[in-house]
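Data block below; observations after.
Reminder, nothing fancy here: chain letters follow the sequence lines and each chain counts from 1.
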Amino acid sequence: MASTSESEGQKEGDDPEDANKSNPSQDGTFECNICLDTAHDAVVSMCGHLFCWPCLHQWLETRPNRQTCPVCKAGISKEKVVPLYGRGNAKQEDPRTKVPPRPQGQRTEPENNGPFQSFNWGGDGGFQMSFGIGAFPFGLFASTVNLGGPRLPGAQPGTPQFEEEQFLSKLFLWVAILFIFWLLVA
Amino acid sequence: MANIAVARIKREFKEVVKSEEAAKCAIKVELVDNNFTELRGEIAGPPDTPYESGTFILEIKIPETYPFNPPKVRFQTKIWHPNISSVTGAICLDILRDQWAAAMTLRTVLLSLQALLAAAEPDDPQDAVVARQFKENYEIYVKTAKHWSYKYAGAPNRTPELDSKLKQLADMGVDEHRARVALSSCDWDLARATETIFS
């Protein structure tokens with residue numbers, strides 16, 4: 001973790017190279033751009049600027065209408081900062097207990113190119129649906145309904161983006177069901 | 001959050017002291033009280049401007065919410081500039097208001113103020129009288145600004161023809177600063193200045 005101070009680094013330094021590295025607080029590489037101290041609970045903006053999460057949070061709270069990077073004035077938002085997790089010491093393990101909580105990292109599942117995986121009921125109840133009409137008579141319509149299959153990770157629960165995605169997925173499901181009914185009736 | 005404010009000011013103070021600009025005597029900062037809430041800044045007038053070789057003193061007040069809000073900065077040295085009040089020393093500069101960003105420091109603020117002296121913005125004035133003179137009568141503005149720099153900021157360039165007009169008003173028993181303000185505001189027209197003083 002960037003906030004490991006020099007003395008701690010030397011104590012823990014089982015790797016001899018660690019001790020040879022220059023002290024990060026001297027060259028300023030890992031200093032928060034707001035408090036100018038070594039960043040703790042570090043997050044980095046999309047424009048590449050490093051901050052302590054509490055510092056950046058307070059900056060964003062101070063200017064709710066004009067959320068810009070304190071360094072380069074690029075547009076930034078809470079959702080678009082990336083937390084940095086170093087190897088860390090035990091003191092820093094629970095950022096969620098701190099107020100305000102640091103945004104979570106987003107983890108993308110690797111692409112799964114395996115065989116047909118439809119009708120897997122997943123634990124999280126997520127699903128995807130796709131359907132189409134083949135050329136008659138080779139197929140009236142082919143549809144696959146993927147329930148809980150591998151999908152790209154959505155937004156974090158609780159965020160407005162998450163609710164929007166939930167709404168859209170429900171909407172598309174009903175549109176699809178209506179379309180199938182229409183095909184059957186017609 | 002006063003803790004962040006004090007810790008940051010201490011670092012920024014060192015940054016200014018160690019900076020190249022301080023080595024060249026272009027900027028300087030001093031403590032006024034020991035709790036780092038009030039500082040005294042100094043900037044050198046930039047070369048090739050009417051403020052050249054002057055030393056301008058700034059009053060810097062650090063708010064409780066620093067660095068999330070900008071420091072309050074005011075010129076203590078009287079100055080003739082479109083974006084600085086000739087009466088109060090209040091400064092019209094976007095980064096000291098809504099364009100402040102938390103990564104800015106005392107050093108960048110002082111350098112920005114120095115840049116402001118070199119590049120006035122008469123269309124966004126703090127002192128309307130100076131701004132009008134700047135736009136309508138640039139040569140007189142330059143002379144006036146030089147005169148004020150000589151008088152208040154210790155710049156070496158004297159402006160003898162302006163001094164003689166001042167002396168005429170002083171001979172009538174007018175306070176020197178009052179006479180200077182009246183003459184400066186009236187584009188050094190002695191008759192008009194006399195009229196404004198005695199009307």
Side-chain angles (χ1 to χ4, degrees), chain A residues 2-3 5-6 22-78 80-82 84 98-100 102-103, chain B residues 1-23 27 29 31 35-37 39 41 60-73 92-112 115-116 121 124:
Chain A
S3 61
S5 72
E6 189 183 34
S22 64
N23 179 8
S25 65
Q26 272 175 355
D27 56 30
T29 312
F30 298 109
E31 281 174 10
C32 164
N33 279 291
I34 294 178
C35 66
L36 310 184
D37 217 329
T38 308
H40 63 95
D41 291 343
V43 294
V44 67
S45 63
M46 287 297 170
C47 44
H49 295 113
L50 180 71
F51 306 97
C52 304
W53 169 242
C55 293
L56 186 65
H57 181 268
Q58 200 181 346
W59 170 250
L60 295 174
E61 292 285 297
T62 311
R63 323 233 143 179
N65 305 322
R66 217 176 50 81
Q67 303 212 321
T68 56
C69 171
V71 181
C72 69
K73 298 193 175 171
I76 52 171
S77 69
K78 270 181 213 180
K80 287 193 176 171
V81 296
V82 180
L84 297 182
K98 291 176 185 166
V99 179
R102 181 160 52 147
Chain B
M1 277 303 142
N3 284 340
I4 290 194
V6 172
R8 236 192 82 139
I9 286 298
K10 281 182 184 166
R11 280 167 183 273
E12 291 182 36
F13 191 79
K14 281 186 203 152
E15 184 197 38
V16 173
V17 172
K18 283 188 199 159
S19 67
E20 298 172 33
E21 294 85 15
I27 60 171
V29 65
L31 283 180
N35 48 20
F36 289 89
T37 56
L39 299 145
I60 305 170
K61 286 186 175 158
I62 306 296
E64 274 281 293
T65 49
Y66 188 80
F68 302 101
N69 287 303
K72 291 182 173 64
V73 188
C92 177
L93 183 61
D94 57 357
I95 61 152
L96 294 177
R97 295 176 185 192
D98 56 325
Q99 291 295 310
W100 170 254
M104 290 174 180
T105 63
L106 289 175
R107 180 175 158 267
T108 57
V109 165
L110 292 177
L111 292 176
S112 300
L116 180 70
E121 289 280 353
D124 186 18

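The parts of B:Q99 that come within reach of chain A are both its backbone and its side chain, each placing non-hydrogen atoms under 4.5 angstrom from that chain. Contact of A:C32 with chain B is not made at all, since no heavy-atom distance falls under 4.5 Å.
Judged as a salt bridge (charged side-chain N to carboxylate O under 4.0 Å, His left out), and not counting sequence neighbours, the contacts of A:E61 are A:K78. Scanning for side-chain contact (heavy atoms from CB on, under 4.5 Å) contacts around B:S19 gives B:E21, B:A22, B:I27, B:R107, with sequence neighbours left out.
Counting heavy-atom pairs closer than 4.5 Å to chain B, the top residue among A:I34, A:V71, A:T68, A:N33 is A:I34.
Across all their heavy atoms, A:R63 and B:P70 have their closest contact at NH2-CD, 4.1 Å.
You'll find the side chain of A:T62 stays beyond 4.5 Å of the side chain of B:T65, heavy atoms only.
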